[in-house]
Amino acid sequence: MRFRPCIDLHGGKVKQIVGATLSDGGDKTLVTNFETAAPPAYFANLYKDKDLRGGHVIMLGPGNGEAAVNALNAWPGGMQVGGGINPGNAQKYLGAGASHVIVTSYVFSDGVIRWERLDELLSVAPKEKLVLDLSCRFAAGDYVIATDRWQNLTKEKLSIQLFSRLSEYCDEFLVHAADVEGLRSGVDTDLVLLLADISPIAVTYAGGVRDLSDMDLIEKLGCGRVDATIGSSLDIFGGTLPFAEVVKWHMARNP
C-alpha cells in the first residue's frame with residue numbers, strides 16, 4: 001500500500017475543501033478547510049523531495065490550469081492531473097509533466113458512460129497514461145459514480161463488471177468517497193472493502209482519513225491493494241497529522 005499525496009486547486013490556489021459543498025452556484029455554500037498563498041510547486045517539490053510518486057493534482061472547477069502546470073513543471077513525471085481533462089487538453093498536461101491524466105466527467109453524458117469518448121481519449125493519451133476517476137456517493141444501497149465536482153449522480157454503479165471493462169481503458173482508478181471528502185471524520189470502510197474486491201488494477205481511495213490508524217485500517221481492509229490519499233488532516237494543510245509521520249509510515253511499506 002502506498003500513500004498518494006495531493007494538491008487540490010480551487011480558484012487558482014491550493015485549498016482543501018469539503019467535497020460535498022462544491023456547487024455551480026458560486027462560493028456561498030463552499031466550506032474551505034485550508035487555503036494558502038504558497039504556489040502549487042511548493043507542495044510538488046515537497047513530495048518530490050520524499051519521492052512520493054503517483055499523487056494527484058486536482059483542478060476543482062475553472063481557472064486552475066496555470067496553477068496545475070506550475071505543480072507539474074516542478075516535478076515532471078511525478079504527479080497525475082485531473083479536473084476538466086478531455087481529448088483537447090490531455091496532451092497539454094502530459095507535455096507539462098503529468099505522469100497521467102485523470103478523467104471523469106468527459107466520459108459521461110446523460111448519466112451513462114460514453115464508450116466512444118473513451119476510445120477518443122485513447123487516441124490522444126495511451127492507456128498507460130490514463131486514470132479514470134470513479135468518485136462516488138452512496139445512494140439507494142449502492143455506490144453511484146458522481147460527476148461535475150461530485151454534484152451529479154450518474155446511472156452507473158460501482159461493480160466488478162464495470163471495473164473489469166473500464167480497466168481495459170486505463171492504468172489506474174481514483175475513487176473519492178464524496179460523502180466524507182474533507183470532513184476528517186473517518187474513512188468509508190464499506191467502500192474500501194468494495195474497491196479491494198472489485199478492482200483488477202491499481203486503485204486509490206480518497207476521503208475522510210484522520211490519522212495513521214485510518215491508514216492502517218485501509219491497509220487491512222484493502223489487503224494492501226488499495227492506496228490512499230490524505231488531505232485536510234495533514235499539518236501541511238492546516239491539520240494535526242504530521243506529514244513527516246505519514247512519510248515514515250509510507251517508507252516502512254515501500255523501502
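Residues take their numbers from the sequence shown, with the count starting at 1. Predicted model, so just to flag it, every value in this text is computed and none were measured.
- Residues M1 and M215 are in side-chain contact: their nearest non-hydrogen atoms beyond the backbone lie under 4.5 Å apart.
- In the hydrophobic clustering of ILVMFWY residues, with side-chain heavy atoms under 4.5 Å counting as a link, Y205 and I160 come out together.
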Determine, step by step, whether F237 and I230 satisfy the side chain to side chain contact (heavy atoms under 4.5 Å, CB included) criterion, reporting the C-alpha distance in whole Å, the side-chain angles of both residues, the deciding distance to 0.1 Å, and the verdict.
CA-CA 10 Å; F237 295 130; I230 310 172; over 6 Å; no
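- Of all the heavy atoms in A71 and I7, the pair that sits closest is CB-CD1, 4.0 Å.
- In this structure a side-chain-to-backbone donor-acceptor pair under 3.5 Å is missing from Q80 to V131.
- Y93 meets the ring pair (Phe, Tyr, Trp, His ring centres under 6.0 Å) test with no other residue; sequence neighbours excluded.
- When every heavy atom of G11 is checked against every heavy atom of N64, the shortest pair comes out as N-OD1, 3.3 Å.
- Under the salt bridge (charged side-chain N to carboxylate O under 4.0 Å, His left out) criterion, the residue pairs touching residues 93-116 are R114-E116, with sequence neighbours excluded.
- Partners of D214 by salt bridge (Lys or Arg N to Asp or Glu O under 4.0 Å), not counting sequence neighbours, listed by chain and number: R210.
- Under the side-chain contact (heavy atoms from CB on, under 4.5 Å) criterion, K157 pairs with D142, V144, not counting sequence neighbours.
- W115 and V112 fall into different hydrophobic clusters, where Ile, Leu, Val, Met, Phe, Trp and Tyr are joined by side-chain heavy atoms under 4.5 Å apart, directly or via other members.
- Between the side chain of N89 and the main chain of G84, a donor-acceptor pair closer than 3.5 Å is present.
- Closest of all the heavy-atom pairs between A98 and V81 is CB-CG1, 3.7 Å.
- Y143 pairs by the ring pair (Phe, Tyr, Trp, His ring centres under 6.0 Å) definition with F138, not counting sequence neighbours.
- For the pair R165 (side chain) and Q161 (backbone), a donor-acceptor distance under 3.5 Å is absent.
- Residues that satisfy the ring pair (Phe, Tyr, Trp, His ring centres under 6.0 Å) test with F108, not counting sequence neighbours, are absent from this structure.
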Would you sort out whether V187 and L217 count as a side chain to side chain contact (heavy atoms under 4.5 Å, CB included), showing the intermediate values?
CA-CA 9 Å; V187 302; L217 181 61; 4.0 Å; yes
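- Using a 30° and 60° split on the angle between ring planes, H176 and H56 fall in the perpendicular class, above 60°.
- Considering every non-hydrogen atom in both L122 and P126, the closest pair reads CD2-C, 4.2 Å.
- Taking 4.5 Å as the limit, some side-chain heavy atom of M59 sits within range of a side-chain heavy atom of I85.
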What verdict does the side chain to side chain contact (heavy atoms under 4.5 Å, CB included) test give for N152 and T154, after you've listed the backbone C-alpha separation in whole Å, the side-chain angles of each residue and the deciding distance to 0.1 Å?
CA-CA 6 Å; N152 299 317; T154 69; over 6 Å; no
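- The salt bridge (charged side-chain N to carboxylate O under 4.0 Å, His left out) contacts involving residues 48-66 comprise D51-R53, where partners must be two or more places apart or lie in separate chains.
- Summarising the geometry, atom CZ belonging to F243 is positioned 4.0 Å from atom CG belonging to L46; distances are rounded to the nearest 0.5 Å.
- L241 is listed as a side-chain neighbour of L212, based on a closest heavy-atom distance under 4.5 Å.
- Here the CG atom belonging to L132 is positioned 9.0 Å from the CD1 atom belonging to I145, to the nearest 0.5 angstrom.
- Taking OG from S199 and CG from L162, the interatomic distance works out to 10.5 Å, rounded to the nearest 0.5 Å.
- D190 pairs by the salt bridge (Lys or Arg N to Asp or Glu O under 4.0 Å) definition with nothing, not counting sequence neighbours.
- Partners of A38 by side-chain contact (heavy atoms from CB on, under 4.5 Å), not counting sequence neighbours, listed by chain and number: T36, Y42, F43.
- Checked against salt bridge (Lys or Arg N to Asp or Glu O under 4.0 Å), D235 has no partners two or more places apart in sequence or in another chain.
- Taking 4.5 Å as the limit, every side-chain heavy atom of L130 sits out of range of all side-chain heavy atoms of D171.
- Using a 4.5 Å cut-off on side-chain heavy atoms (C-beta onward), S233 and V209 make no contact.
- Side-chain contact between L118 and Y106: absent, with no pair of heavy atoms (C-beta onward) separated by less than 4.5 Å.
- Rounding to the nearest 0.5 Å gives a distance of 15.0 Å between NZ of K13 and CG of L60.
- Minimum interatomic distance between V175 and S135 (heavy atoms only, all atoms of both residues): C-OG, 3.9 Å.
- Ring-plane geometry between F163 and F173 is classed as tilted, the angle between the planes lying from 30 to 60 degrees on a 0 to 90 degree scale.
- Between the CZ atom in R137 and the CG atom in L191 there is a gap of 13.0 Å [rounded to 0.5 Å].
- Between N45 and A74, the shortest heavy-atom distance links the atoms OD1-O, 3.7 Å.
- Between V14 and the options P39, C6, P40, a side chain to side chain contact (heavy atoms under 4.5 Å, CB included) holds for only P40.
- Applying the salt bridge (charged side-chain N to carboxylate O under 4.0 Å, His left out) definition to pairs two or more places apart or across chains, none involves residues 121-134.
- For D227, the salt bridge (Lys or Arg N to Asp or Glu O under 4.0 Å) partners two or more places apart in sequence, or in a different chain, are R2, R4.
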Please walk me through it: do L166 and L134 pass side chain to side chain contact (heavy atoms under 4.5 Å, CB included)?
CA-CA 10 Å; L166 287 175; L134 303 182; 3.8 Å; yes
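- Atoms CD1 and OG, on I198 and S164 in that order, are 10.5 Å from each other to the nearest 0.5 Å.
- Contact of the F3 side chain with the Y47 side chain is not registered, since no non-hydrogen atoms from C-beta on lie closer than 4.5 Å.
- Taking the side chain as every heavy atom from C-beta outward, L174 and T104 never approach each other to under 4.5 Å.
- Linking ILVMFWY side-chain heavy atoms closer than 4.5 Å, directly or via other members, places V124 and V103 in two distinct hydrophobic clusters.
- Side chain of N254 to backbone of H250: a donor-acceptor contact under 3.5 angstrom is found.
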